[in-house]
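See structure below.
A note on names: the letters A, B, ... follow the listed sequences, proteins ahead of strands, and every chain is numbered from 1.
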Amino acid sequence: MLKIYNTLNNQKEEFQPIDANQVGIYVCGMTVYDLCHMGHARVMVMFDVITRHLRRNFPNVKYVRNITDIDDKIITRAIENNEDIYSLTNRFIDAMHEDEQSLGVLSPDIEPRATDSIDKMIDMIESLSKKGLAYQGTNGDVFYSVRKFKEYGKLSGKNLDDLVAGARVDVENHKKDPLDFVLWKKAKSGEPSWPSPWGNGRPGWHIECSAMSNHFISNHFDIHGGGMDLTFPHHENEIAQSEGANNCTFVNTWMHVGFVNIDDEKMSKSLNNFFTIRDVLKKYDGEALRYFLISSHYRSPLNYSETNIESAQSALIRLYNAIKGLNHNSVDSSLLEVDYEARFNAALNDDFNTPMALSVLFEIAKQINIERAANPNKANTLSSQLVQLGNNLGILNYNADEYLKRGSELSESEISKKINQREAARNSKDFTMSDQIRDELLELGIILEDSINGTTWRRK
RNA sequence: GGCUGGGUAGCAAAGCGGUUAUGCAGGGGCCUGCAAAGCCUUUUAGACCGGUUCGACUCCGGUCCCAGCCUCCA
């Protein structure tokens, strides 16, 4: 039984799909005007883990993650670069897809671009207009009348008077109420625009997610997710738009992923304390990064530091060391005295507890190391189980030997040559020479391991 | 100010009202020519104050501290 923490009521509840044959999940994706940073990586990886788990438990899962390819920042950046918005956004969409591949993230089923769904957004705004929930302001923009939607604030636990008292809301005199938010922005000259009943313009940010989730999944669907910073106002506004237009519940379960922090502060563009995925991949491999991202629970803050990533890398190497040299083609459950798979699944069923799931992997690894010499069949089956469960989390995707040798600066033949020289020295008991060769290789990041089957090497 | 979370051993990070989390790092041992890997073993916990309980890190109340949202943000 899967339990998910729902932001709507701030508690874990049993996940009951609207239709068990077709689970729908929508995640707010990126605004593509720049490279993705580690915070984006966390959202991509976590929802990848989540959808993989859903797919193992339900026959059909429709995972939609949008691409925001029109907004103020995109327009500003395109002007700065003196380029067309589509050439800008296409470039960063490609970059995003490359980053996802590096992190082992599977593609969503649908990745709708906002600019392909402008008509759906216009339809929705018209419907809101007809219901008296939207109006055109004195500047030509179309706004949502927040006070007319009685349940506004139910997701983030805010009440309207507190918001006004907070006084950080924009005081714009072309709105009827400072809390109202933009549905459609009138185009200024030279800006990209689309025709609409309110004149040429472009959509406000929030409307795209309402329109596209309704269109590509349904007016009422199972799970909607994103980063925690989207809870308010973005998701609150989506609820107002969708429920206002459709007169039905929009989403049953709201999921929000915690931030990646630096020195206990949120990583963000405005604080300029962010690391792009590419920056980090220059130094660490994608799977280690993925391990780092799933090593804490998705709702907790995750502190970015090189030490923490290096520790993740070491942990991952321990798993690869365990499966190295074993066959992992099939699980013979009669050889297993512990039902690791059940425990692994129970961990993920408890609100996607990835740290708990990982701890099961380490128990298997330890068991493999204990059994591998005396009981190869058992070691092989444990290894198969470990790889299978690791794959469920999107790790252990590589052949162990290849992974452990990844990115070596020396070629295999150069290393073999050194190993052979050292072997000769060892055979003649010239341990000074043999240790010297080992030290030279270690300087180059190559660790030698002697065993009864000869000497093997791996990357530090 | 309003609304969310959270404070766990050297670091990271979970579960759990009483029994080893787990990983990294450190100590001791085994193995090894010596190492590495691995195995065995071991040291460091639960912000603070009350309460409930036979028993609380775990439940309840309070205090202090931290982060996030309330403005674009994953």
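Residue contacts for A:K158: at a heavy-atom cut-off of 4.0 Å it reaches a base atom on one of the strands shown. A:Y5 comes within 4.0 angstrom of sugar-phosphate atoms only, judged by non-hydrogen atoms across all strands, and of no base. Residue A:G39 is in base contact, counting any heavy-atom pair closer than 4.0 Å across all strands shown. Residue-level contact check: A:M267 touches the bases, meaning some heavy atom is under 4.0 Å from a base atom. At the heavy-atom level, A:H234 lies nowhere under 4.0 Å from the strands shown. No contact: A:V360 has no heavy atom under 4.0 Å from any strand. Using a 4.0 Å heavy-atom distance criterion, A:G29 is classed as a sugar-phosphate-only contact. A:S156 comes within 4.0 angstrom of the backbone, heavy atoms only, and of no base.
For A:Y291, no side-chain nitrogen or oxygen approaches OP1 or OP2 of B:G23 to under 4.0 Å. Under 4.0 angstrom from either OP1 or OP2 of B:A74 there lies no side-chain N or O belonging to A:K266. Close to B:G23, at under 4.0 Å from its OP1 or OP2, lies no side-chain N or O of A:K366. In terms of phosphate contacts, A:N10 brings a side-chain nitrogen or oxygen within less than 4.0 Å of OP1 or OP2 of B:G5. OP1 or OP2 of B:A14 lies within a sub-4.0 Å distance of a side-chain N or O belonging to A:S300.
No hydrogens or angles considered: nothing links the side chains of A:N273 and A:E265 as a donor-acceptor pair under 3.5 Å. In this model, a donor atom of one side chain and an acceptor atom of the other lie less than 3.5 Å apart for A:S383 and A:H328. With 3.5 Å as the limit, one finds no donor-acceptor pair spanning the side chains of A:D71 and A:Y33. Side chains of A:E238 and A:H234: a donor-acceptor N/O pair is present below 3.5 angstrom, by distance only.
In this structure the side chain of A:D285 reaches within 4.5 angstrom of the side chain of A:Y403, judged on heavy atoms. Looking at A:S359 and A:R343, their side chains never come closer than 4.5 Å, going by heavy atoms from C-beta outward.
Ranking B:G38, B:C69, B:A14 by closeness to the A:S296 side chain, first place goes to B:A14. For A:V260, the side-chain atoms get nearest to B:A74 when compared with the rest of B:C11, B:A74, B:A14. The A:T31 side chain lies nearest to B:A74 when the options are B:A74, B:A21, B:A12.
Pair assignment for B:C11: B:G23, on the basis of Watson-Crick or G-U wobble contacts that are both within less than 3.5 Å. With a cut-off of 3.5 Å on both Watson-Crick or G-U wobble distances, the partner of B:G46 is given as none. Figure legend. B:C39 is base-paired to B:G29; pairs are counted as Watson-Crick or G-U wobble with both atom distances under 3.5 Å. For B:C72, there is no paired nucleotide, since no Watson-Crick or G-U wobble pair has both relevant distances below 3.5 Å.
Annotation: ring pair (Phe, Tyr, Trp, His ring centres under 6.0 Å) contacts involving residues 429-460 of chain A, sequence neighbours excluded, are absent. Applying the ring pair (Phe, Tyr, Trp, His ring centres under 6.0 Å) rule to pairs touching residues 352-374 of chain A yields A:H53-A:F352, sequence neighbours excluded. Note on residues 282-305 of chain A: pairs passing ring pair (Phe, Tyr, Trp, His ring centres under 6.0 Å), not counting sequence neighbours, are A:F275-A:Y304.
Between A:F221 and A:F250, the distance from one ring center to the other falls under 6.0 angstrom.
Looking at A:R426 and A:E423, a side-chain N of the basic residue comes within less than 4.0 Å of a carboxylate O on the acidic one, giving a salt bridge.
Using P as the reference atom, B:G23 and B:G38 are 10 Å apart when rounded to the nearest Å. Look at the C1' atom in both B:U19 and B:C57: the space between them is 15 Å, to the nearest Å. If you take atom C1' in B:C11 and the same atom in B:U43, they sit 15 Å apart, rounded to whole Å. Taking atom P in both B:C40 and B:A21, the straight-line distance is 15 Å, to the nearest Å. Taking atom C1' on both B:C59 and B:G18, the two are 14 Å apart, rounded to the nearest angstrom. Nucleotides B:G46 and B:U4 are separated by 23 Å at their C1' atoms, to the nearest Å. Rounded to the nearest Å, the gap between the P atom of B:C48 and that of B:U8 is 10 Å. Nucleotides B:G27 and B:C70 place their P atoms 47 Å apart, quoted to the nearest Å.
For the side chain to side chain contact (heavy atoms under 4.5 Å, CB included) test with A:M44, the passing option among A:L293, A:I277, A:V27 is A:I277; the others fail.
Side-chain atoms of A:H297 and base atoms of B:A13 include no donor and acceptor less than 3.5 Å apart.
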Pairs: protein N or O with nucleotides 18-20 of chain B N or O, under 3.5 Å:
none

Can you tabulate the close N/O pairs, meaning under 3.5 Å, that link protein atoms to atoms of nucleotides 24-33 of chain B?
from  : atom 1 : to     : atom 2 : distance (Å)
B:G33 : N7     : A:R426 : NH2    : 3.3
B:G33 : O6     : A:R422 : NH2    : 3.3
B:G33 : O6     : A:R426 : NE     : 3.2
B:G33 : O6     : A:S434 : OG     : 3.3
B:G33 : N1     : A:D435 : OD1    : 2.9
B:G33 : N2     : A:D435 : OD1    : 3.3
B:G33 : N2     : A:D435 : OD2    : 2.7

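Residue whose closest nucleotide on RNA chain B sits further toward the 5' end, between A:S451 and A:H40: A:S451. Of the residues near RNA chain B, A:N353 and A:H206, the one whose nearest nucleotide (by heavy atom distance) lies more toward the 5' end is A:N353.
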Give the table of side-chain donor-acceptor pairs shorter than 3.5 Å for residues 315-322 of chain A, with sequence neighbours excluded, one pair per line with atom names and distance.
from   : atom 1 : to     : atom 2 : distance (Å)
A:Y320 : OH     : A:E287 : OE1    : 3.4
A:Y320 : OH     : A:E287 : OE2    : 2.7
A:Y320 : OH     : A:N397 : N      : 3.3
A:Y320 : OH     : A:Y398 : N      : 3.2

Donor-acceptor contacts under 3.5 Å from residues 45-52 of chain A side chains, at least two apart:
from  : atom 1 : to     : atom 2 : distance (Å)
A:D48 : OD1    : A:L106 : N      : 3.0
A:D48 : OD2    : A:R52  : NE     : 2.9
A:D48 : OD2    : A:R52  : NH2    : 3.3
A:D48 : OD2    : A:R290 : NH1    : 3.0
A:D48 : OD2    : A:R290 : NH2    : 2.7
A:T51 : OG1    : A:F47  : O      : 2.8
A:T51 : OG1    : A:D48  : O      : 3.2
A:R52 : NH1    : A:N391 : O      : 3.2
A:R52 : NH2    : A:G104 : O      : 2.8

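For A:N392, the side-chain contact (heavy atoms from CB on, under 4.5 Å) partners two or more places apart in sequence, or in a different chain, are A:R56, A:F344, A:L389. Shown here are the side chain to side chain donor-acceptor pair (under 3.5 Å) partners of A:R458, two or more places apart in sequence or in another chain: A:E449. Annotation: salt bridge (charged side-chain N to carboxylate O under 4.0 Å, His left out) contacts of A:R91 (sequence neighbours excluded): A:E83.
Residues from residues 439-449 of chain A placing a heavy atom under 4.0 Å of any atom in RNA chain B, listed by number, are A:I447, A:L448, A:E449. Only A:N369, A:I370, listed by number, bring a heavy atom of residues 368-375 of chain A to less than 4.0 angstrom from any atom of RNA chain B.
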